[in-house]
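Structure, as structure tokens:
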Amino acid sequence: MELSEQELVRRKKLEEIKALGIDPYPADLFEVNANSADILENYERNKLDYKNISIAGRIMVLRPMGNAAFAELQDARGRIQIYVKRDEICPGEDKTMYNTVFKKLIDIGDIIGVKGFVFTTNSGTISIHVTSFTLLTKSVRPLPVVKVDSEGVAHDVVTDPELRYRQRYVDLIINPEVRNVFVQRTIIINSMRNFFNERGYLEVETPIMQPIPGGATARPFITHHNTLDIPLYLRIANELYLKRLIVGGFDAVYEFAKDFRNEGMDRTHNPEFTMMEIYVAYKDYEWMMQMTEEMIEKIAMDLYNTTKVQCGDNMLDFHRPFKRISIYDSIKEHTGVDVSGMTEEELKKVCRDLKIEVLPSMGRGKLVDEIFSTACEHHYIQPTFITDYPVEMSPLTKKHRSKPGLVERFELMVNGKELCNAYSELNDPIDQRARFEDQMKLVEKGDDEAMLIDNDFLRALEYGMPPTSGMGMGIDRLTMLMTNSPSIQDVIFFPQMRPEKF
RNA sequence: GACUUCGUAGCUCAGCUGGUAGAGCAAAAGACUCUUAAUCUUUGGGUCGUGAGUUCGAUCCUCACCGGGGUCACCA
């Protein structure tokens, strides 16, 4: 690997630092008793508390001016200006620490610790007057420099997605709003977790490697266990395992699950993604709809203290209750066609009229799903529950209590996209076996994503699962909505990419 | 997987109907003890993504490949 001019210079500085007897990567802890945000917020009110502070961070800007210098230090909470005066840090005859170490050997990107006191400069900037500093880490690779002018306009912002996603650490250092998106992601997850825990629901963990990939229709990743000498699949969902736990007697379980689907990647799909699934016994999908809207409203409040969230050009409002419409009514509303009583052939004609490609492997359920996706889905900007799907596209869902041919299922649409999927869970083991067998027929027709029979799951249902409602929500997509991020890559720290060549 | 578009200094970007490249920041040397996109003087830094072809000559045109983005397909 050939080094650039600047990398060579920094390595040379590293040697000079060592030659001066300074360890560029010291082992000693550096005691920190302050942070940038706290100082900027509270110094004016509480000046006495900031006479003797110790703070550490990365140097982002250097403004040397002869025998004094200003610099900006970035810590986990923000940035603060420091003021380094030669005769202050070098009170004696030996001015090496300032003239050589600080002015010549310290670079943008280096991590230092400083001790001193807070003051306000003549031009009104709260700053740290440094009395001593310690090099904590020498950086040997030049950091992209983004400068912000007095009007707050950033210059030379690094927007190159390749650099941002491959070197997320750099993205996080130089683009402060990126950190915030990920902090908000964690707030969302914590908000959800608190919501469930307050209700006494149990957070659990279930297998990621599964012998039969079930609970969803998707192509799985396959791996191999050497000792057992069997194929194992990375889970596409954890639904069937959580339901086994309901059979086992837990009355409410949930899991934030990493799921894996071996399919295309785009702005809304990453091969590994996070899904929250929850199952609550003795409830139905009507109850689950209410819980879902309550939970999402709370998440918005926890994030922004309002139910209104800007997302692209749309102002979303998560104020309860959300609108509800059945999938057939929705199709009727947006196409003028009543598909509720149609046969497979009639549905295929509707698809062709809407210029939807019809494949032989498509059954009734798939056709209705295609019609809805094409003609209706994008209309639902404000949160809307779509309810009562055809039985053919919902093999794990209980048949509707009053509408023949339908199941008790809802999906929540927001900003024209599906955000969650939920239903009254099918707990009739005989019916469940028949549904699996129908899925096998789809497999024979060429549908390589249809579900496989899970005999152990059926055995569990035979022991009896109480009436249960379950719901799954895409955490990445929820975070995209809530943080106004147009790409899933902006809400996953390390999105999947083709390996880089070095 | 298909189509489309992009790849020039550490970073952000110019450039050329084809004559082997410029700026700002960053870097180096010097000046400067309240700067804040600090300023001033000087200097260095590039096999123009990789490979092939066309041409007297390619960063520019053609093809292939590598990597990224977008649209579509598949899906959540």
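This is a predicted model, so every value here is computed, not measured.
- Annotated stems with RNA chain B as a participant read B:1-7 with B:66-72, B:10-13 with B:22-25, B:27-31 with B:39-43, B:49-53 with B:61-65, given as range with range, by first number; only runs of 3 or more Watson-Crick or G-U pairs under 3.5 Å qualify.
- The interatomic distance linking Glu162(A) (CD) with rC66(B) (P) rounds to 14 Å, in whole Å.
- Distances shorter than 4.0 Å separate some side-chain N or O of Thr217(A) from OP1 or OP2 on rA76(B).
- Glu411(A) comes within 4.0 angstrom of nothing in the nucleic acid, heavy atoms only.
- Annotation: Phe182(A) is in aromatic contact with Phe493(A) [ring centroid separation under 6.0 Å].
- There is no side-chain donor-acceptor pair under 3.5 Å between Ser485(A) and Arg267(A).
- Annotation: His379(A) is not in aromatic contact with Phe372(A) [ring centroid separation under 6.0 Å not met].
- In this view, Tyr165(A) and Asp490(A) satisfy the side chain to side chain donor-acceptor pair (under 3.5 Å) rule, not counting sequence neighbours.
- Distance, Gln81(A) CD to rC34(B) P: 12 Å, rounded to whole Å.
- Screening residues 74-120 of chain A for ring pair (Phe, Tyr, Trp, His ring centres under 6.0 Å) gives Phe70(A)-Tyr83(A), Tyr83(A)-Phe119(A), Tyr83(A)-His129(A), Phe102(A)-Phe133(A), Phe117(A)-His129(A), Phe119(A)-His129(A) as the qualifying pairs, with residues at least two apart or on separate chains.
- The nearest whole Å value for the distance from the OH atom in Tyr389(A) to the P atom in rA76(B) is 11 Å.
- Nucleotides rC34(B) and rA28(B), compared at atom P, are 22 Å apart to the nearest Å.
- Within 4.0 Å of Lys103(A), counting heavy atoms only, lies at least one base atom of the nucleic acid.
- With 3.5 Å as the limit, one finds no donor-acceptor pair spanning the side chains of Tyr389(A) and Ser326(A).
- Straight-line distance from the CZ atom of Phe119(A) to the P atom of rU33(B): 16 Å, rounded to whole Å.
- Here Phe273(A) lies parallel enough and close enough to stack on the base of rA76(B), with planes under 30° and ring centres under 5.5 Å apart.
- The aromatic ring centres of Tyr285(A) and Tyr423(A) sit 6.0 Å or more apart.
- Rounded to a whole Å, the CD atom of Gln496(A) is 11 Å from the P atom of rG68(B).
- Between Lys147(A) and the phosphate of rU12(B), there is no side-chain N or O to OP1/OP2 separation shorter than 4.0 Å.
- Distance, Lys85(A) NZ to rC34(B) P: 9 Å, rounded to whole Å.
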Dump the pairs, protein N or O against N or O of nucleotides 21-23 of chain B, anything under 3.5 Å, distances to one decimal.
none

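- Pairs engaging residues 82-92 of chain A under the salt bridge (Lys or Arg N to Asp or Glu O under 4.0 Å) rule: Asp87(A)-Lys95(A) [sequence neighbours left out].
- For the pair Arg86(A) CZ and rU35(B) P, the computed distance is 18 Å after rounding to whole Å.
- Side-chain proximity of Met65(A) to rU71(B), rU33(B), rG67(B): nearest is rU33(B).
- Ion pairing between Arg193(A) and Glu203(A) holds under the 4.0 Å rule for side-chain N and carboxylate O.
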Hey, what are the protein-to-nucleotides 5-11 of chain B N/O distances that come in under 3.5 Å?
from	atom 1	to	atom 2	distance (Å)
rG10(B)	N7	Gln6(A)	NE2	3.3

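- At rG30(B), one or more side-chain N or O atoms of Lys104(A) fall inside 4.0 Å of OP1 or OP2 (strictly under the cut-off).
- Neither OP1 nor OP2 of rU35(B) sits under 4.0 Å from any side-chain N or O of Arg63(A).
- Computed from coordinates, the Arg235(A) CZ to rA76(B) C1' distance equals 15 Å when rounded to whole Å.
- Using a 4.0 Å heavy-atom cutoff across all strands shown, Gly474(A) reaches no nucleic acid atom at all.
- Of the candidate nucleotides rA27(B), rC34(B), rG67(B), rA27(B) has the atom lying nearest to any side-chain atom of Lys13(A).
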